Amino acid sequence: MNVANVNDQYFDGHYKEIWKAIIPDLLTEREINFILSYFSLQQEDDVLDLMCGYGRHALALGRKGINVTAVDNLPAYIEEIKTTIAKEHLPIEAITGGVLDFIPPKKYKLAMCLGNSLNFFNAQQTFSLLSTIAQALTPGGHLLINSWSVAEIVFRNFQESGESTIDGKVFVNNSKILFHPTRMESESIITTDNGVTESKLAVDYIFSINELEQMLTAAGLEVKEMFSIPGKKHFTLGEPRLYLVAQKP
């Protein structure tokens, strides 16, 4: 096999396929229904979607008439969102850039960090981002975090390797847990149907819920609720997903 030295955009273009397989449309629909009802969103409310990916939440909310600022560092994802915005005339501003350098242009009723995206950052970076989010929220505004890499999940459910085949491409993931700082390093390998292999190393920083709550508190936010199934089941040890709701006083 050939080993391709590819850029992140090309790799993530393929990896989007496995994301869509892992996160079915029904899950996104249930998350959107929770977001709309729990946070009482109305047309023209302002929502910030950080690390929005290919826009599964931003586009769904925009179609409800909600003003969304969607930010991601992958130009291919943002260009895809912009194409949909133009086609459907949606009230979404899609911005290409790293969220650590992002300066929010307005105040928001809700900010979202979904799809395990907050775990991309170390403790210092996470606190900086949470502080930026807190400053960008209106009084009483909320932050919704979705993670499957908090300590209470990872240490109960950790698997060193996994493999799946989607649309003729083989996806292999090899992971290990390291410390100082506590993190999970994963090598994702994609083998295409023509035998080309692409690989990418990813790091998920692992915080306990207590550590995450301490950072939220220091940033000026208060943890309100934690769900494993948003709006239906509160989080318990070992659940596969965490949805954490925090509020700005």
Side-chain angles (χ1 to χ4, degrees), residues 4-29 31-32 35-36 41 43-106 108-121 125 129 132-133 136 144-146 166-169 171 173 186 188-194 196-204:
N5 183 14
V6 298
N7 59 40
D8 285 351
Q9 279 194 63
Y10 186 66
F11 184 96
D12 286 318
H14 287 303
Y15 208 61
K16 175 182 172 182
E17 299 169 27
I18 197 168
W19 272 109
K20 286 191 170 183
I22 292 173
I23 304 176
D25 291 341
L26 180 59
L27 176 59
T28 301
E29 180 182 339
E31 289 174 341
I32 290 297
I35 290 167
L36 290 169
L41 294 183
Q43 286 191 2
E44 299 186 358
D45 279 344
D46 293 312
V47 171
L48 176 61
D49 187 359
L50 292 170
M51 295 160 284
C52 64
Y54 52 87
R56 61 191 183 97
H57 299 101
L59 293 172
L61 293 175
R63 291 178 180 124
K64 298 292 186 180
I66 294 163
N67 299 322
V68 182
T69 303
V71 186
D72 200 275
N73 68 325
L74 288 176
Y77 283 176
I78 294 299
E79 289 306 312
E80 182 177 329
I81 293 171
K82 286 182 177 180
T83 298
T84 305
I85 292 170
K87 182 179 179 180
E88 300 184 25
H89 306 288
L90 301 176
I92 302 172
E93 181 182 10
I95 299 171
T96 303
V99 296
L100 295 177
D101 300 319
F102 174 67
I103 300 175
K106 62 175 80 170
Y108 298 91
K109 182 175 183 178
L110 172 66
M112 306 185 300
C113 293
L114 303 177
N116 204 55
S117 54
L118 193 65
N119 294 84
F120 297 163
F121 306 112
Q125 293 168 330
L129 181 56
T132 297
I133 292 171
L144 175 62
I145 297 169
N146 168 224
I166 299 173
D167 293 336
K169 300 178 182 69
F171 294 81
N173 191 71
S186 302
S188 298
I189 303 169
I190 297 175
T191 303
T192 63
D193 51 11
N194 62 1
V196 175
T197 297
E198 309 153 11
S199 65
K200 181 179 180 180
L201 181 66
V203 178
D204 286 339

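What you are looking at is a predicted structure, and each value in this text was computed from that prediction instead of being measured.
What you find for H57 and I35 is that their closest heavy atoms are CD2-CD1, 4.4 Å. Heavy-atom minimum distance, A60 versus R56: CB-O, 3.5 Å. Summarising the geometry of A70 relative to I78, their closest heavy-atom pair is O-CD1, 4.2 Å, with the distance given to 0.1 Å. P105 and E93 get closest at one heavy-atom pair: CG-OE1, 4.5 Å. Heavy atoms only, all atoms of each residue included: A58 and D49 are closest at N-OD2, 3.5 Å. Of all heavy-atom pairs between T69 and Y108, the closest is OG1-OH, 2.9 Å.
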Inset, instruction - Might you work through the side-chain contact (heavy atoms from CB on, under 4.5 Å) test for N67 and D45, ending with a clear yes or no? - result: CA-CA 6 Å; N67 299 322; D45 279 344; over 6 Å; no
Inset, instruction - With side-chain contact (heavy atoms from CB on, under 4.5 Å) as the test, would you mind laying out the steps for I81 and C52 before giving the verdict? - result: CA-CA 10 Å; I81 293 171; C52 64; 3.8 Å; yes
Inset, instruction - Start with the C-alpha distance between L36 and K64, add both sets of side-chain angles, then the distance that settles side-chain contact (heavy atoms from CB on, under 4.5 Å), and finish with yes or no. - result: CA-CA 9 Å; L36 290 169; K64 298 292 186 180; 3.9 Å; yes
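Looking at heavy atoms from C-beta onward, F121 lies in side-chain contact with V99 at the 4.5 angstrom threshold. Side-chain contact between L48 and L110 is absent, with no heavy-atom pair separated by less than 4.5 Å. Residues P91 and I66 are not in side-chain contact: their nearest non-hydrogen atoms beyond the backbone lie 4.5 Å or more apart. By the 4.5 Å heavy-atom criterion applied to side chains, F102 and T132 are not counted as neighbours.
From L50, atom CG reaches atom CE of M112 across 8.5 Å, with rounding to the nearest 0.5 Å. Summarising the geometry, atom CZ belonging to F120 is positioned 8.5 Å from atom CG belonging to N73; distances are rounded to the nearest 0.5 Å. I85 contributes atom CD1, which lies 6.5 Å from atom CG of L90 (distance to the nearest 0.5 angstrom). One finds the OG1 atom of T84 at 12.5 Å from the OH atom of Y54 (value rounded to the nearest 0.5 Å). Expressed to the nearest 0.5 Å, how far CE of M51 lies from CG of L114 amounts to 9.0 Å. Atoms CG and CG, on N146 and N119 in that order, are 9.5 Å from each other to the nearest 0.5 Å.
By the neighbour-count criterion of 12 heavy atoms within 6.0 Å, atom CG of L201 is densely surrounded, having more than that number from other residues, nucleotides or ligands.
Although no hydrogens or angles enter the test, the distance criterion places a donor-acceptor pair under 3.5 Å between the side chain of D72 and the main chain of G53.
Scanning for side chain to side chain donor-acceptor pair (under 3.5 Å) contacts around E88 gives R63, with sequence neighbours left out.
Classification of D46 and K109 as a salt-bridged pair fails, no side-chain N sitting under 4.0 Å from a carboxylate O.
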